[in-house]
Every structure is written in C-alpha cells, then in structure tokens.
There are 2 protein chains.
Amino acid sequence: MNCQECLHKVCAISRLRPDELERIGKNCSRVRYKAKEKVFKQGTPASHLIYIKSGLLKSHFIESNDKEIIIDLFYDNMFLGMHSIYTGGVHQYSATVIQDAELCFIESSAFRDVVINNGGFAAEMMAATCSDSMHVFHRLRSMIRKQLPGRFAEAILIFSDEIFMSDQFTLPLSRNELAEFLGSTRESVTRTMTEFRNDKIIELNGKDVRILTKELLKTISELG
Amino acid sequence: MNCQECLHKVCAISRLRPDELERIGKNCSRVRYKAKEKVFKQGTPASHLIYIKSGLLKSHFIESNDKEIIIDLFYDNMFLGMHSIYTGGVHQYSATVIQDAELCFIESSAFRDVVINNGGFAAEMMAATCSDSMHVFHRLRSMIRKQLPGRFAEAILIFSDEIFMSDQFTLPLSRNELAEFLGSTRESVTRTMTEFRNDKIIELNGKDVRILTKELLKTISELG
DNA sequence: TCGAGAATGTGATACAGGTCACAGTTTTTT
DNA sequence: AAAAAACTGTGACCTGTATCACATTCTCGA
C-alpha cells in the first residue's frame, strides 16, 4: 500500500520515518465504499483506524428506537475511530458512508506501535483528535442554546465553508438525516427549509442549495 | 514540586522516566483554589495544562448573554485543558472551580516536549482525552434525545456513580448551574426536582440528596 | 415498465419547557 | 446588625417543535 501520496496532505503522516510509514502501509488496506454502506458498528471490536482519502461519512449513535443521532461528519484527509481505538478497543459509535468514499483501514496495533515510538506523530494525532472533539463540543452548545433555524443555518454554513467550499452545493443528507444531524425531526426540518426559501435566504431545489445571503445566515446561526 | 505522589494514581504519569518526571515537576506548580474561582477563561492563551489533585471543576462555554453552558465536570486525577493545548494554544473553554480544589499547573511546552519524547505517555494521554471526549459525546446524545426528567436522572446517577460514589451526597451545583449542566432553566430544574421528590425517587433537602430507588432512576435516564 | 418502498411536503393538534413575575430564603458584604 | 445580593420555589402564560395523519413524488429492483 502506498501511503506516500497521503504524505503531503496530512500533517501527522509527514512526521513518520520511512520505516514507520512502511509499518503502517503494510498493515493498511484501501477500500472503496458506496453511499449508505456501514463501515463499522457501535459495539463491535475496534480493530482498525479509518483514514478518509475521499468521500463523506457520518459518525452516529444507534438508538433503541429507529432514530439515530449523527455525532459529526468526516471527510477528506480526516481520521475516524480514534476514540474507539483508545477506549477499550470497542467502537464507541457507528460510522456510515454518506457519499462514495475511499477509505484506508489502518491496523490499530500497528498504529499504536507507531504512536508509542514516534511522539511527534502522536502529538499531531492528538491535535487532530482534540480538534475533532471540539467540533462536537460546539455542536453540544448549539443543541442546547439554539433553536432549529439557528442550527439549520449553522449546518448550511458547515457544508458551505468546511466541506464543499462553495456557496452552491447538493445536500448530501436526506431530510431525515439532516434531522438526525440537527437533533430534530424530518417534518420540522422541512418546515424550516421552506421558511428559509420563502425568506430568500437560500435557493432550494430538492437537495440543491444555493446561499443567497450568507451574512444573514451567519446572523441567524449566531443568534440561534 | 513532587510529582511522585501522583504517580500511582494516574496511569499516564507512571509511564514517565525519572528525568521526564523531573522536567514536568520543575515546570509545575501546585495551587489551592476555592469554589467559584476561575482557573482559566475561554479565549486566553493556553499556557498550562491542569492536573486536578483534588476538588471539582467545570468546563464551560461563555455565552453572549449571561447564561453559560457547562460542557462537563472534572474531578480527582483528571487533566483539564488538553483540547486547548493542542488547538492553537488558546483556551477553547473556560474552567471554574466548583468545590475547593488543589490543582497542578503543568507548563504546556514542558508537557508537549514529554509527549514528543515519550510515546507511551502520549498514548496514555490520548486514551484519557478520548475518554473525556466520549463523555461529552454522550451528553450531546442526552441533550438531543432525552427530556428534562431523563437528563436530571442521568445527572444524579453521574454524581452518585462517578463522582461521589455514594447514594447520598450534597449537590455541588446550584439550581442554576444544574440548569446549565442539563441545558435547561433554573425554574424547570426546580420543578423537575420537586417532582422527583414527590414521586419518592429521591429524598431532597436543599442540596442534600439521597437516592431512594436507583433502579427507577436508571429507567428514567434510559427512557428519557 | 411497473409496482413497492422510500423520501418529501403540509396541515392539525398537543405539550414540554421557556419566559415573566413575584415572594420568601439564604448568603455575603460592609 | 443591617443592607445588598444571590439563591430558591411557585404560579400563569406562551411558543417552538414533536407527533400524528395523509397526500405526493421520487427511486430502483424485479
């Protein structure tokens, strides 16, 4: 497996020495996934860390009833499953593909070996993990303080600024998944969306979104 | 500063070599704090990592209005501020003492040096950080799915099982702080509490709590 | 190509809990 | 010891959004 090509993209990987890169590469397999495929399931043994070469995934909790809760979204050049690797070796959440993805499965023992032997790499991974966690902490804040329009505006901004880097994009989530991401229900999300369209804040056509007044979106997101 | 005595309490610290322990110890100062004192404030430079020798603290976001949001609670033998150390060197949240505490301030550059040079220590710190983050992820889940009685029951169980290790304890939070922890308001928390008392689930006298039917609490917490 | 199941929009209704107002109590300050 | 400030309980009211029910419209496999 050729990990070289990921070198320039992920800061942490550039910290690896050639032999470590090989150690990881040898215990790493790249796999293509299609949308809706489950990558790993909460409760199963966490044998691998996932590196996302391309695509979009969600981490989510499985609930007793049918509803799920999306913890966060993961995309190009991110690692997924760190919390599971370091918490008893059992997956703490599920991961499912949202948009076709290319994933590298890194054997967790190989990964841990490298962390132990290379503190610089460990530090970079720590930084990445802390950053990911902070993102969820802010989502906690949003859930508590903001009401639906604020949370929806925030989500649109995340798609626009963090994921697609464009004011115009196709929503990768169904209305139902959007509800799971926003901690709401399908119906309420629908209503909020038509509301936003009527108010000329976004142009909305099925899953196609175009942001009309980004400033207003920011205001709504901040005021909740 | 004598870090030896913390050695047997915190797994990560036992990974340190004598010289590293000294490096940390030299750049570490222990300070007593009284309840309500602020340890660090969101937005300020993150120069130190906090080790909690004893006491109870909260990490919290500061909101534009007066209300706060308690992200999580920290107590004996936990580290606080890891996310800030590894995310741009600025504190990502505030930390305030709830019950008188003894804190060790570990110089962040010394800490980072040790992490880089000692992968075993890095791995342990990663484990601790991931575990703390997972706790917040579960709180996110609770905020979204459960309603107030469920969240309150959960909080009582956290106090009982994770913090005080007893069915009988004195609430360390005011009604208002409890509301900030539960993502609610003072009034609603009060009402929920009297409800629980009337239903003979807990005995309640000011801040003194005694759990009467733990099983019921668990059920309420799980069903939301 | 057709049918079945999933995804979406929309109305009517219910209710958990936020907000406001006020009173009593406890704690802190001077 | 008096005054101020913070904390707590309780009632009345209002609102955001969950829930239920149904009609349409897509999607994709047989």
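Throughout, a chain's letter reflects where its sequence line sits, starting with A, and its residues are numbered from 1.
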What is the separation between atom [atom1] on [X] and atom [atom2] on [N], rounded to the nearest whole Å?
X	N	atom1	atom2	answer
Gln147(A)	dA16(C)	CD	P	18 Å
Glu187(A)	dA18(D)	CD	P	9 Å
Ile144(B)	dA18(D)	CD1	C1'	15 Å
Asn205(B)	dC7(D)	CG	P	19 Å
Lys207(A)	dT25(D)	NZ	P	18 Å
Asn198(B)	dT10(D)	CG	P	9 Å
Asn176(A)	dG5(C)	CG	C1'	14 Å
Arg197(A)	dG9(C)	CZ	P	7 Å

Look at the side-chain N and O atoms of [X] and state whether any lies under 4.0 Å from the OP1 or OP2 oxygen of [N].
X	N	answer
Arg175(B)	dG9(D)	yes
Thr190(A)	dG9(C)	yes
Lys67(B)	dT19(C)	yes
Thr194(B)	dG9(D)	no
Ser188(B)	dG18(C)	yes
Lys146(A)	dT17(D)	no

Nearest-neighbour nucleotide for the [X] side chain, [options] considered:
X	options	value
Arg151(B)	dT10(D), dA18(D), dG17(C)	dG17(C)
Ser174(B)	dC7(D), dA18(D), dT10(D)	dC7(D)
Lys36(B)	dC7(D), dT10(D), dA18(D)	dC7(D)

Does NZ belonging to Lys41(A) count more than 12 external heavy atoms closer than 6.0 Å?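 Atom NZ in Lys41(A) is not packed in, count stays at 12 or less.
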
Side-chain-base donor-acceptor pair under 3.5 Å for Arg191(B) and dG11(D):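 Present.
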
Arg186(A) (side chain) and dG9(C) (base): donor-acceptor pair under 3.5 Å: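 Side chain to base: pair found, below 3.5 Å.
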
Let me see the working for Thr185(B) and Lys67(B) under side-chain hydrogen bond (donor to acceptor under 3.5 Å, both in side chains), right down to the final yes or no. CA-CA 10 Å; Thr185(B) 60; Lys67(B) 300 213 167 180; 5.8 Å; no

Between Arg139(A) and Phe181(A), is NZ or CZ placed under 6.0 angstrom from the six-membered ring centre and within 45° of the ring axis?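 Judged by the rule (NZ or CZ under 6.0 Å from the ring centre, within 45° of its axis), Arg139(A) counts as positioned above Phe181(A).
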
5'-most by nearest nucleotide on DNA chain D - Leu148(A) or Leu173(B):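 Upstream on the strand: Leu173(B).
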
Check whether the ring centres of His48(A) and Phe111(A) lie less than 6.0 Å apart, and answer yes or no.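 No.
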
How are the rings of Phe61(A) and His138(B) set to each other: parallel, tilted or perpendicular (split at 30° and 60°)?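 It falls in the parallel class, under 30°.
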
